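In this chain, residues are counted from 1 in sequence order. Quick caveat: nothing in here was measured; it's all calculated off a predicted structure.
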Amino acid sequence: MSNPEGEVSIALVCEARADAQIAADLADRVLFETFPSLEQVLEHHRRFRGLAPSDPYLKWSEQKTLVRRLGIPRFHGHFNGQAAEPDALATFRMLLILDQAEHRPDAVFLIRDTDNDKRRQRGLEQARADYPWAFTIVIGAAHTKSECWVMAGFKPENREEKDRLEALRQELGFNPCAAAELLTAQSDSAKKSAKRVLSHLTQGDQFRERKCWTITPLVELKQNGQASGLAEYITELTTRLAPLFEHRAV
């Protein structure tokens, strides 16, 4: 079934609500920058959703349950003659689920932490390239965690924040905001844990965190996020998502 006239339906596939928020906010920022005339009316031209239009987002962890419920085949094998990378098969099945949805989206965002394994990004790319999908697919692979994207936009606003950042720089041996991809620890309490470092920088203030990706200029986010996948995601939004809105901008 088609979507309401003039509205672009965007399915967010991610791990948590915070990831969905980052992905959606950055998408809006790219659209505002590309088409300034949309800034006051964009909410009437796009809808973020999950499997159903009323769902806020679709969790990766729901994939197996949906496969069983909907009877989606559990594919095995290769993609274009190459062995499946991590997450490739799960992503392909998730895309099939959305392709068969009663209200099929116009675009799908695949937002995923790589957990220090960049083969996961290749897996997302394999699933996207292997089939002529009826929707636009945008990939956002965060190296190593989505917290690294947040830190790319952290700019100290006061003396306390400057002191916390300097203390972390001394402790880690590098600036975590300029090289967050080096925070590769998987344990949240480890020295090089992205979650730990971000929590220390922002003192766990979610409003402060959100300012990092909603206020910091996109050019700075791309510069600091070259190695964390953030720059690639912003480029994907520019080259793949923005064209869907060209005829809506005036």
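Results of the side chain to side chain contact (heavy atoms under 4.5 Å, CB included) test with Leu183 over Ser228, Pro176, Ser193 single out Pro176 as the only residue that passes.
Between Glu125 and Arg112 there is no salt bridge, since no side-chain nitrogen of the basic residue lies less than 4.0 Å from a carboxylate oxygen of the acidic one.
A distance of 6.0 Å or more separates the ring centres of Phe154 and Trp149.
The side chain to side chain contact (heavy atoms under 4.5 Å, CB included) search around Thr144 returns Asn116, Cys148, Thr184, not counting sequence neighbours. Checked against salt bridge (Lys or Arg N to Asp or Glu O under 4.0 Å), Arg159 has the following partners two or more places apart in sequence or in another chain: Asp163. Among residues two or more places apart in sequence or in another chain, the salt bridge (Lys or Arg N to Asp or Glu O under 4.0 Å) test is passed with Asp28 by Arg46. The side chain to side chain contact (heavy atoms under 4.5 Å, CB included) test applied to Glu39 returns Phe32, not counting sequence neighbours. Residues satisfying the side chain to side chain contact (heavy atoms under 4.5 Å, CB included) test with Leu218, not counting sequence neighbours, are Leu26, Arg29, Val30, Glu33, Leu221, Ile234. Under the salt bridge (Lys or Arg N to Asp or Glu O under 4.0 Å) criterion, Lys211 pairs with Glu157, sequence neighbours left out. Shown here are the side chain to side chain donor-acceptor pair (under 3.5 Å) partners of Ser61, two or more places apart in sequence or in another chain: there are none. When the salt bridge (Lys or Arg N to Asp or Glu O under 4.0 Å) test is applied to Glu62, no partner is found at least two apart in sequence or on another chain. Gln40 meets the side chain to side chain contact (heavy atoms under 4.5 Å, CB included) test with no other residue; sequence neighbours excluded.
Residue pairs meeting the salt bridge (Lys or Arg N to Asp or Glu O under 4.0 Å) criterion with at least one partner in residues 173-183, sequence neighbours excluded, are absent. Screening residues 138-154 for salt bridge (Lys or Arg N to Asp or Glu O under 4.0 Å), with sequence neighbours left out, gives Asp115-Lys145, Glu147-Lys195.
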Counting only pairs under 3.5 Å, give me each side-chain donor-acceptor contact of residues 50-57, with atom names and distances, residues two or more places apart or in other chains.
unit_1	atom_1	unit_2	atom_2	d
Asp55	OD2	Ala52	N	3.1
Tyr57	OH	Arg17	N	3.4

